[in-house]
> 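The structure is given below, and queries will be raised subsequently.
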Amino acid sequence: MDRLGSFSSDPSDKPPCRGCSSYLMEPYIKCAECGPPPFFLCLQCFTRGFEYKKHQSDHTYEIMTSDFPVLDPSWTAQEEMALLEAVMDCGFGNWQDVANQMCTKTKEECEKHYMKHFINNPLFASTLLNLKQAEEAKTADTAIPFHSAEDPPRPTFDSLLSRDMAGYMPARADFIEEFDNYAEWDLRDIDFVEDDSDILHALKMAVVDIYHSRLKERQRRKKIIRDHGLINLRKFQLMERRYPKEVQDLYETMRRFARIVGPVEHDKFIESHALEFELRREIKRLQEYRTAGITNFCSARTYDHLKKTREEERLKRTMLSEVLQYIQDSSACQQWLRRQADIDSGLSPSVSMASNSGRRSAPPLNLTGLPGTEKLNEKEKELCQMVRLVPGAYLEYKSALLNECNKQGGLRLAQARALIKIDVNKTRKIYDFLIREGYITKA
């Protein structure tokens, strides 16, 4: 099998023969079953069946030669490499010196061939572009560091953005409040004097060692925050929300292990599971097609369209169960009917407000038979009835607020409204209820 073996025209740059130790001249033989290091033989040692240690004469081999065309039929690979070496030695543009060093081509041939195949060759230009794009793509999916050399936002003290950035001060590349902020207090009264006893001196040194361990822990936490891009919290949350809900749950579970594996490895782990989730979902979809007897993608598109149509028809048939919840209140029933009319006509559903004269408040929601009611206590049931919120939605909102409060160490009403996209008055009632019952704390 022919292969470009040596890129140098100088025999001394080639590996020596393992049989006679002479410099190899092309063509020569490379054993395909020995190595590393590679086992090379000259033609003379190969023809007499030279064997050495693990190398046997019946091993498969490769013929290493550069006496074949690569870019131009009239130029061998050896001449191509000799041209590149000559340009490197003599400099670009000194074509007469290049031709003198090559000895096999004229000045015009060297210049024409080099300009055509190494300067103006679109293949090489596209290859360099692809390499650049691959390098940019390789560094694009890493964690977002927050370098002090950037020009980050400089929020005012105790503002919302300042609290989101954990009190980080970009101009000083430090935090307003350190971890274990009062660690230095244990050292304020320590004074080393010459008449200290050995025990007292040892106790003071132990206190200093404890303080050093606290400083190390402080630096470790800062490094984790910077390496994982946690200072710019909003950008970090946007990155997290681009995953499906299942992958977000995994992200939340594995967050505590990120400090062990590092930012790049942690992101690769999450990305691999996101890819696995996508593959599993695609496999499940293909299995559904196979179960339905579909064997091509044209039929699959028809199947998806019909499935969507059937699902819409099913939802329309179940509207009667929703009407029954409003049937006892005539005004609520009329409001629901207007909303459905807007939906059927293609408009965005709007909540029509009754005039101030004769306006009635909606009756409490009947929770009988609604899923999730058994998971509520009496106070939560009363809240859902007055706010007219189904138990399943309330439990979901409650879980989201508890998770955010645990992550932030507290929760503000503005943050709760950003998490729960419902009526602001209902959000306030839920927020006040959770504060009053001790489920969450104010930030």
> For the residue pair Gln96 / Asn100, report whether a side-chain donor-acceptor contact shorter than 3.5 Å exists.
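Per modelled atom types, Asn100 and Gln96 side chains form a pair under 3.5 Å.
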> Backbone N or O of Asp180 within a donor-acceptor pair of the Arg218 side chain at under 3.5 Å?
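Looks like yes, one N/O pair under 3.5 Å.
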> Under 3.5 Å, is there a donor-acceptor pair between the Tyr243 and Asp249 side chains?
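Checked: Tyr243/Asp249 side chains show no N/O donor-acceptor pair below 3.5 Å.
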> At their closest point, which heavy atom of Val390 faces which heavy atom of Leu365, and how far apart are they?
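Heavy atoms of Val390 and Leu365 come nearest at N-CD2, 4.1 Å.
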> Please assess Lys105 against Leu83 for the test side chain to side chain contact (heavy atoms under 4.5 Å, CB included), listing each intermediate value before the final yes or no.
CA-CA 9 Å; Lys105 299 294 180 181; Leu83 174 63; over 6 Å; no
> What I want to check is whether the side chains of His117 and Glu80 have a donor and an acceptor closer together than 3.5 Å.
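No, no side-chain donor-acceptor pair sits under 3.5 Å.
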> Would you say the side-chain atoms of Glu109 pair up with the backbone N or O of Thr106, donor to acceptor, closer than 3.5 Å?
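Looks like yes, one N/O pair under 3.5 Å.
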> What verdict does the salt bridge (charged side-chain N to carboxylate O under 4.0 Å, His left out) test give for Arg221 and Glu217, after you've listed the backbone C-alpha separation in whole Å, the side-chain angles of each residue and the deciding distance to 0.1 Å?
CA-CA 6 Å; Arg221 289 174 178 257; Glu217 177 64 17; 2.9 Å; yes
> For the residue pair Lys30 and Phe39, would you count it as a cation-pi contact if the rule is NZ or CZ under 6.0 angstrom from the ring centre and within 45 degrees of the ring axis?
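So Lys30 doesn't make the cation-pi contact.
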> Passes side chain to side chain contact (heavy atoms under 4.5 Å, CB included), Phe269 versus Phe257? Steps please.
CA-CA 11 Å; Phe269 175 78; Phe257 301 106; over 6 Å; no
> Is the His113 ring parallel, tilted or perpendicular to the Trp75 ring (thresholds 30°, 60°)?
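Parallel, since the angle between the ring planes stays under 30°.
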> Both conditions, 6.0 Å and 45 degrees, for the charged tip of Lys204 above the ring of Phe192: are they met here?
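Yes, cation above the ring, under 6.0 Å and within 45°.
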